Amino acid sequence: MAVEDYLSQLNDAQQQPTTHVDGPLMVIAGAGSGKTRVLTYRIAYLMQQGIDAFSILALTFTNKAAREMKTRIAEIVGESESKNLWMGTFHSVFARILRAEADRLGYPSSFTIYDSQDSERLVKSIIKEMNLDTDIYKPKQIRNRISSFKNSLITVRAYHNNPELVETDREARRSAMGNIYRNYVERCFKAGAMDFDDLLLKTNELLNRFPDVLAKYQDRFRYILVDEYQDTNHSQYLIVRALADKFQNLCVVGDDAQSIYAFRGANIENILNFQKDYPDAKTYRLEQNYRSTECIVEAANSVINHNQNKLDKTVWTANEKGEKIVIHRSPSDGDEGRYVAQSIFEQAMNLQLSYTSFAILYRTNAQSRAMEDALRKRNIPYRVYGGLSFYQRKEIKDMLAYLRLIVNPKDEESLRRVINYPTRGIGQTTMNKLVVAAQEHNLSLFEVADQANHLPLQIHAGAKTKLVNFATLIKSFQVANANQTAFETADMVAKKTGLVQELKKEGTPEAINRVENIEELLNGIRDFVDGQREIVDAKGSLVEFLADVALATDFDNEITDENSVSLMTVHLAKGLEFPHVFIVGMEDDLFPSAMNMNSRSELEEERRLFYVALTRAKKLATLTYTQCRYRWGKLNDAEPSRFLSEIDHSYVDNRVVESNYEFKPLVDPSIFGDDHSKIRFKKPPTKSTPKRVPKNLKPVSASTHSSLIELEGLEVGARVSHNRFGAGTIVSIEGDGGDAKALIDFDGNGRKNLLLRFAKLDIL
DNA sequence: TGCACCGATGTTTTT
DNA sequence: CATCGGTGCA
């Protein structure tokens with residue numbers, strides 16, 4: 001595409017930053033103002049000015065954003081040009097650089113990346129080894145504190161030299177904090193592992209300690225672009241500043257009103273102070289919203305105006321006025337779900353919309369359940385993003401632990417995870433001795449296990465043999481892995497460790513599902529290997545796969561042509577847009593979260609979060625709240641969110657609708673206690689007289705009801721589609737309720753036995 | 001050492 | 001309400 005072609009697609013405000021080539025610039029981009037468009041076109045523009053793709057670095061917030069941008073740039077400049085661009089999240093880009101430079105920092109280039117779970121487990125075992133009370137030293141809290149230290153570049157030494165920090169922890173009766181931190185860092189290093197924060201911290205260390213490395217990357221990345229700059233933390237800020245220091249060709253894009261990651265160390269001051277950091281910087285503002293109706297834009301403005309700490313900016317739109325924001329009250333979270341499902345059903349029907357036009361956004365992942373139940377009962381296809389990701393499932397983590405151990409036998413967390421799973425008779429006693437021996441001889445756990453017969457250990461001969469056998473097994477994988485693809489190795493692991501066998505033996509529906517998941521993982525590895533063949537310097541190795549997986553998010557498995565409603569947290573929705581958006585759980589203590597209502601700044605962040613949620617909508621936003629909600633398995637009263645009253649009333653349609661939906665469970669009202677009278681009498685009591693139920697059947701309760709509904713339309717001979725295996729025909733169905741299984745003959749993919757409870761099947 | 005059961009305990013948000 | 005960790009028994 002010629003330059004003038006795509007420039008003509010931009011308004012004046014967008015063109016200016018797009019064609020700003022040299023020197024620092026900041027783009028303050030209001031919601032829906034075409035920020036991504038500016039970023040992509042600017043990169044294309046730079047390339048058409050003769051700047052080598054090789055010297056452009058673009059840092060995004062998610063892998064998905066990077067991929068989409070790369071695709072769009074490829075469409076403009078051609079793929080052969082665009083493939084040399086460096087684009088990705090901070091974490092994935094710098095993980096790559098760290099791998100290349102690992103030896104400088106004394107790390108193996110095959111270092112393991114610990115996810116939050118791994119980190120927390122390690123913190124926990126350290127606390128236990130130090131004989132500290134886990135009630136005072138809560139592993140999660142300690143890990144978070146370590147994380148925030150790292151994000152602020154407070155090393156162990158810096159911590160100990162900072163009387164204020166030490167004093168804070170002493171007052172909190174956590175005087176061992178510093179020592180836990182030290183031990184944690186040492187253990188990670190010994191295990192050849194970096195946690196998420198290390199990927200940034202160690203990059204800073206690398207650039208600070210080795211001027212030649214810094215110079216190399218400064219010269220390489222002459223043009224740097226940072227998306228979502230408002231959500232960068234101190235550590236990221238310093239990396240960007242160091243890399244851009246020489247050429248100062250830095251372009252940051254963001255919106256202070258959408259800064260929502262303070263809990264992760266994001267520092268909104270980075271964007272507020274950009275002009276101070278780069279006095280020569282030119283600031284551009286994109287204020288015209290192309291996404292949403294006037295009602296939505298103005299409603300969102302009226303909300304965000306309650307915040308004090310922000311840059312001046314007026315977002316406006318030339319779009320039609322559109323529908324007013326709908327606010328709806330439900331008696332309970334179940335009713336809320338039914339209302340949303342019903343509304344989606346009606347709107348899709350009346351407006352002839354596909355289900356992809358709808359999104360349900362919530363503050364916490366736990367809220368998805370009520371929505372899922374209601375959607376399932378209505379047979380509305382949906383997809384939940386985020387939450388427990390595929391790679392965090394137990395059986396997958398087990399498989400990955402074996403693979404990680406093959407690549408990096410020093411990885412302690414992985415070893416602990418699988419040394420006795422499947423059981424090999426290596427119990428707690430043996431493990432304790434192993435740990436002591438490792439410390440004594442300054443060896444890794446794996447090395448001790450491997451050499452158990454040659455070391456003076458206080459371990460029975462029988463136990464020694466078991467350890468050696470385990471080490472031998474892992475070593476045999478290592479040898480094999482040297483000459484085969486990641487897929488072949490993973491397949492071997494699944495078969496030879498007995499992991500799959502163990503699950504098959506168990507035979508429970510859960511176990512069967514786990515086997516299915518492992519199969520999916522293997523398929524995923526095969527896809528990865530195939531994909532890597534096309535990339536020049538990639539080999540499809542296990543190391544590459546593991547690096548990829550550690551930083552992958554749920555979005556990376558996205559299926560785009562699926563006709564389904566999207567469910568996700570507001571955080572995850574950042575950067576996305578949908579014609580119709582439902583924001584559910586608009587209640588005080590939930591949104592805003594009870595934990596963020598103690599200070600002005602916390603509350604302002606919650607308000608920005610609400611602003612983000614609202615501005616995802618293009619045509620219609622519906623906000624719902626309930627009068628009572630299940631939390632921790634108990635029914636609690638709820639109050640409407642304070643944010644609701646902050647919306648300018650002229651853009652709101654206050655619809656308080658009775659919730660008489662057909663899909664209410666048919667339960668005898670008398671089983672409710674008096675506390676629930678307000679739910680009970682929402683419907684006239686006469687109407688809720690239970691329908692006659694045959695005597696030999698249990699009354700239909702909410703739980704059995706849902707499993708019946710799942711089977712609707714699923715019958716022998718039906719055509720269905722599965723997100724991995726594609727289309728197929730049901731051959732047979734056995735079992736019922738939650739245990740129902742279907743044998744499905746997938747076109748071209750063979751027959752699979754799927755558990756209906758888990759398999760997300762769409763009826764064709 | 002391994003397994004079954006029970007009670008306690010905790011929920012923001014994510015790379 | 002789920003998961004996790006601890007306890008008690010084989």
Side-chain angles (χ1 to χ4, degrees), chain A residues 59-66 88-95 113-117 119-121 124 128 134-135 138-141 144 147 150-151 194-201 228 231-233 235-236 259-266 361-370 385-389 391-394 420-431 460 462-463 466 506 510 547-556 568-574 585 587 589-597 602 605-606 608-610 612-613 629-636 703:
Chain A
L59 296 166
T60 59
F61 202 70
T62 61
N63 294 311
K64 183 181 178 242
T89 61
F90 273 90
H91 290 86
S92 62
V93 165
F94 294 114
I113 297 173
Y114 278 176
D115 67 17
S116 328
Q117 254 180 53
S119 306
E120 200 182 314
R121 281 169 60 125
K124 194 174 196 172
K128 288 205 168 157
T134 45
D135 287 338
K138 292 204 190 323
K140 188 169 277 162
Q141 277 178 19
N144 284 341
S147 172
K150 289 188 174 184
N151 283 329
M194 294 197 197
D195 62 22
F196 283 142
D197 308 312
D198 280 334
L199 297 177
L200 306 174
L201 180 74
E228 309 281 12
D231 281 323
T232 51
N233 63 32
S235 196
Q236 292 167 320
S259 171
I260 55 173
Y261 279 95
F263 72 91
R264 207 169 89 183
L361 308 182
Y362 35 77
R363 179 68 234 274
T364 65
N365 282 305
Q367 289 168 259
S368 75
R369 171 152 305 174
Y385 293 87
L388 231 214
S389 95
Y391 296 112
Q392 286 169 355
R393 289 162 199 260
K394 185 187 175 304
N420 200 32
Y421 186 79
T423 49
R424 299 186 174 89
I426 303 173
Q428 199 55 58
T429 330
T430 313
M431 274 311 284
H460 292 296
K466 289 167 182 166
E506 215 174 299
E510 285 80 12
D548 214 56
V549 156
L551 300 169
T553 57
D554 218 35
F555 275 124
D556 298 329
M568 66 188 86
T569 63
V570 180
H571 281 90
L572 228 53
K574 190 170 77 160
E587 294 138 40
D589 287 1
L590 186 58
F591 198 1
S593 156
M595 305 178 106
N596 278 357
M597 289 168 66
E602 285 175 339
E605 169 133 330
E606 292 285 313
R608 289 193 293 268
L609 193 55
F610 179 47
V612 167
R629 170 179 299 279
Y630 271 99
R631 273 179 116 175
W632 313 289
K634 284 186 77 179
L635 206 54
N636 290 66
S703 59

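What you are looking at is a predicted structure, and each value in this text was computed from that prediction instead of being measured. Throughout, a chain's letter reflects where its sequence line sits, starting with A, and its residues are numbered from 1.
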What residues, two or more places apart in sequence or in another chain, satisfy side-chain hydrogen bond (donor to acceptor under 3.5 Å, both in side chains) together with [X]?
| X | result |
| --- | --- |
| A/S92 | A/T89 |
| A/K138 | none |
| A/S119 | A/Y184 |
| A/N365 | none |

Apply salt bridge (Lys or Arg N to Asp or Glu O under 4.0 Å) to [X] and list each qualifying residue two or more places apart in sequence or on a separate chain.
| X | result |
| --- | --- |
| A/R629 | A/E336, A/E587 |
| A/K140 | none |
| A/E120 | none |
| A/E228 | A/K35, A/K574 |

What is the distance, to the nearest angstrom, from the [atom1] atom on [X] to the [atom2] atom on [N]?
| X | N | atom1 | atom2 | answer |
| --- | --- | --- | --- | --- |
| A/K394 | C/dA2 | NZ | C1' | 16 Å |
| A/L635 | C/dC1 | CG | P | 12 Å |
| A/F61 | B/dT13 | CZ | P | 15 Å |
| A/K634 | C/dC1 | NZ | P | 13 Å |
| A/F90 | B/dT14 | CZ | P | 19 Å |
| A/L590 | B/dT13 | CG | P | 10 Å |
| A/L609 | B/dT14 | CG | C1' | 12 Å |
| A/Y261 | B/dT15 | OH | C1' | 9 Å |

Could you check whether any side-chain heavy atom of A/M597 comes within less than 4.5 Å of a side-chain heavy atom of A/E606, counting everything from C-beta outward?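 No, side chains not in contact.
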Set of side chain to side chain contact (heavy atoms under 4.5 Å, CB included) partners for A/M595, sequence neighbours left out: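 For A/M595 the side chain to side chain contact (heavy atoms under 4.5 Å, CB included) partners, ignoring immediate neighbours, are A/S593.
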Please evaluate residues A/K150 and A/D195 with respect to the criterion salt bridge (charged side-chain N to carboxylate O under 4.0 Å, His left out), reporting the C-alpha separation (whole Å), side-chain torsions for both, the decisive distance (0.1 Å), and the verdict. CA-CA 10 Å; A/K150 289 188 174 184; A/D195 62 22; 2.8 Å; yes
Of the listed B/dT1, B/dT15, B/dT12, the closest approach to the A/S593 side chain comes from B/dT12
Which nucleotide sits closest to the side chain of A/R363: C/dA2, B/dT15, B/dT12?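 Minimum distance to the A/R363 side chain belongs to B/dT12.
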Quick test of the criterion, 5.5 Å between centres and less than 30° between planes. Is A/F263 stacked on B/dT13 or not?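 So yes, this residue stacks on that base, both cut-offs being met.
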Write down the distance separating the P atoms in B/dT13 and C/dC4, rounded off to the nearest Å.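 It comes out at 16 Å once rounded to the nearest Å.
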Could you list, one pair per line, each protein nitrogen or oxygen that sits under 3.5 Å from a nitrogen or oxygen of nucleotides 7-11 of chain B, together with the distance?
{"unit_1": "B/dT11", "atom_1": "OP1", "unit_2": "A/K140", "atom_2": "NZ", "d": "2.7"}

Short side-chain N/O contact from A/T430 to OP1 or OP2 of B/dT1, under 4.0 Å: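 True: A/T430 side-chain N/O within range (under 4.0 Å) of B/dT1 OP1/OP2.
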B/dT14, OP1 or OP2 - any side-chain N/O from A/T569 closer than 4.0 Å?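 Indeed, a polar side-chain atom of A/T569 lies that close.
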Between the protein and nucleotides 2-4 of chain B, list every N/O to N/O distance that falls short of 3.5 Å.
{"unit_1": "B/dG2", "atom_1": "OP1", "unit_2": "A/G425", "atom_2": "N", "d": "3.1"}
{"unit_1": "B/dG2", "atom_1": "OP2", "unit_2": "A/N420", "atom_2": "ND2", "d": "3.2"}

Would you find a donor on one side and an acceptor on the other, under 3.5 Å apart, between the side chain of A/D115 and the backbone of A/A550? no
Please produce a list of atom pairs where a protein N or O lies less than 3.5 Å from an N or O of nucleotides 5-8 of chain C.
{"unit_1": "C/dG5", "atom_1": "OP1", "unit_2": "A/K124", "atom_2": "NZ", "d": "2.6"}
{"unit_1": "C/dG6", "atom_1": "OP1", "unit_2": "A/K128", "atom_2": "NZ", "d": "3.3"}

Give one of base, sugar-phosphate or nothing for A/F591, where a contact means two heavy atoms less than 4.0 Å apart.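 Since no nucleic acid heavy atom lies under 4.0 Å of A/F591, the category is nothing.
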